[in-house]
Amino acid sequence: MISAPLVSQLGRDAAFALHAVAGAARLPRAIESDVASSARTKPDASPVTLADFVVQAVIAARLARQYPDDVLVAEEDATALGVPNGDLTDRIVHMVRREEPGATRARVLAWIDRGRGSPGRRFWTLDPIDGTKGLLRGGQYAVALALIVDGSVQVGVLGCPRLPWPGRASAPPERSSRIHGGFAVAARGKGTWWTVAGDTPAVRLGVSSVADPASARVLHSVEASHSNTDRLHDVLAHLGVREPPLIMDSQAKHAVLAGGGADILLRVPTQLGSREAIWDQAAGSLIVEEAGGRVTDLTGRPLDFSTGRRLARNEGVVATNRLLHETVLAALRSCPSRLR
Ligand code: AMP
Ligand code: MG
């Protein structure tokens, strides 16, 4: 699946991550029609489906094989399957066997729960389906895997099964990518790449050169409840943005920013003191940075991935093509939160 030049360019960890995500991301595509009937609601009111568990099990199994000592910090755990969980677990095991022929019920539950690791000096973080609501509504979603060492993201992969190409419309339209989506992969110091299948050459991604906020395209969530829309609108008005926003689910937004398909990505918290989950930001942030972009929180601080399962020292996220970053931070200072 992965071209040899990409492996030698990006190193073993990135090659592993891309391979693991590519294998797992085939599965939600195969069960898209089955996903809605398996959806259930977690205690935090967010949805989880067959696809979330299947992807987590497959990636955890591959990690256990290749890096048996590495810790995995993942979004899902098997307790969300509920008790009794017979039928859904059987469906998960059946799907996992497509990629892991040795899967049994006990192994699959153990693989899923391998994701309960604690963040330490070196660990992987996984959102098996980032944007589950996007998956369910026919929108964007991403399989997001990142390697964090000493609080800094070293490798990031986003599998985006419904994203044809992350750049502006005139960029290379791969026939197969229109059908199957693709993968963004970044390794620190080695750039961000877009790949569709191993035999097609990977394309290096780069952010846009838009410097005037009036003509900038802004990315934000579909889910109004994930962003403080009042402040978002204040900031966009202050910037004088004239382009309509690009509204999509998941870290597919980060891939689009990295490919130059948009220029600014804003995540403005809806509640004072709420903090982002690391698996929602890690892969995407490196993919933007290695494409030449800049990622900070809303006050301009770099994201600090050394604080556990959430970004405890960061409030919200702003990611840009770098050229627009200081302008956006200044607009955020001029438009403070009205939350109390
Ligand atoms: P997006 O598609 O960009 O809105 O991001 C989806 C991710 O947002 C999900 O994977 C959740 O982890 C996360 N999320 C869920 N609820 C909230 C919330 N109230 N505020 C911010 N993020 C949330
Ligand atoms: Mg998520």
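For clarity, every value in this text was computed on a predicted model and none was experimentally measured.
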Just by distance, do the side chain of [X] and the backbone of [Y] share a donor-acceptor pair under 3.5 Å?
X: H238; Y: D234; result: no
X: S38; Y: L50; result: yes
X: E99; Y: V58; result: no
X: Q140; Y: R162; result: yes
X: N321; Y: V210; result: yes
X: T320; Y: R322; result: yes
X: R267; Y: G316; result: no
X: T307; Y: A312; result: yes

Tell me, do [X] and [Y] make a side-chain contact under 4.5 Å, heavy atoms counted?
X: V143; Y: L158; result: no
X: H220; Y: M248; result: no
X: V149; Y: L147; result: yes
X: F305; Y: I148; result: yes
X: D130; Y: Y141; result: no
X: R310; Y: I278; result: no
X: K253; Y: S221; result: yes
X: W193; Y: V203; result: no

Residues [X] and [Y]: side-chain donor-acceptor under 3.5 angstrom:
X: N228; Y: T270; result: no
X: S37; Y: R91; result: yes
X: S152; Y: D150; result: no
X: E76; Y: Q56; result: no
X: D52; Y: T132; result: yes
X: H325; Y: T296; result: yes

Looking only at heavy atoms, which two atoms of [X] and [Y] are closest? And how far apart?
X: I247; Y: V222; result: CG2-CA, 3.5 Å
X: A283; Y: V157; result: CB-O, 3.7 Å
X: V155; Y: A14; result: CG1-CA, 3.7 Å
X: A186; Y: T192; result: CB-OG1, 3.5 Å
X: L323; Y: S208; result: CD1-O, 4.5 Å
X: P166; Y: A255; result: CB-O, 3.2 Å

For this session: Could you go through the side-chain contact (heavy atoms from CB on, under 4.5 Å) check for V73 and L126 one step at a time?
Result: CA-CA 6 Å; V73 179; L126 170 68; over 6 Å; no
Exercise. What is the distance from atom CG of L145 to atom CG of L63, rounded to the nearest 0.5 Å?
Worked result: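 Between L145 CG and L63 CG, I get 7.5 Å after rounding to 0.5 Å.
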Problem set entry | Distance, nearest 0.5 Å, that separates OG of S285 from CG of L265 | 11.0 Å
Problem set entry | Verdict with supporting geometry, R313 and D297, salt bridge (Lys or Arg N to Asp or Glu O under 4.0 Å) | CA-CA 9 Å; R313 296 201 188 105; D297 72 5; over 6 Å; no
Problem set entry | Working for side-chain contact (heavy atoms from CB on, under 4.5 Å), residues Q66 and H19 | CA-CA 11 Å; Q66 289 233 8; H19 193 65; 5.6 Å; no
For this session: Might you work through the salt bridge (Lys or Arg N to Asp or Glu O under 4.0 Å) test for D70 and R114, ending with a clear yes or no?
Result: CA-CA 10 Å; D70 274 6; R114 206 168 180 277; over 6 Å; no
Exercise. Would L219 end up clustered with V241 when hydrophobic side chains under 4.5 Å apart are linked, directly or stepwise?
Worked result: no
For this session: Would you please test M95 and E100 for side-chain contact (heavy atoms from CB on, under 4.5 Å) and show each step?
Result: CA-CA 9 Å; M95 285 309 301; E100 291 291 328; over 6 Å; no
Problem set entry | Residues D263, R217: salt bridge by 4.0 Å N-O rule | no
Exercise. CZ of R137: more than 12 outside heavy atoms within 6.0 angstrom?
Worked result: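 Yes.
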Problem set entry | Residue R65 excluded, over 12 heavy atoms near CZ under 6.0 Å |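 More than 12 heavy atoms, drawn from other residues, nucleotides or ligands, come within 6.0 Å of this atom.
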For this session: Any chance you could lay out the salt bridge (Lys or Arg N to Asp or Glu O under 4.0 Å) test for E223 and K133, step after step, and finish with the verdict?
Result: CA-CA 9 Å; E223 287 300 309; K133 288 181 179 167; 3.4 Å; yes
Problem set entry | Evaluation steps, salt bridge (Lys or Arg N to Asp or Glu O under 4.0 Å), between E315 and R275 | CA-CA 6 Å; E315 183 203 346; R275 293 293 180 255; 5.6 Å; no
Problem set entry | L246 vs V218, side-chain contact (heavy atoms from CB on, under 4.5 Å): CA-CA, chis, key distance, verdict | CA-CA 6 Å; L246 215 52; V218 177; over 6 Å; no
Exercise. Among R309, R116, K42, whose salt bridge (Lys or Arg N to Asp or Glu O under 4.0 Å) with E75 holds?
Worked result: K42
Seminar exercise, completed: In short, ring pair (Phe, Tyr, Trp, His ring centres under 6.0 Å) pairs touching residues 119-138 with sequence neighbours left out are F16-W124, Y67-W124
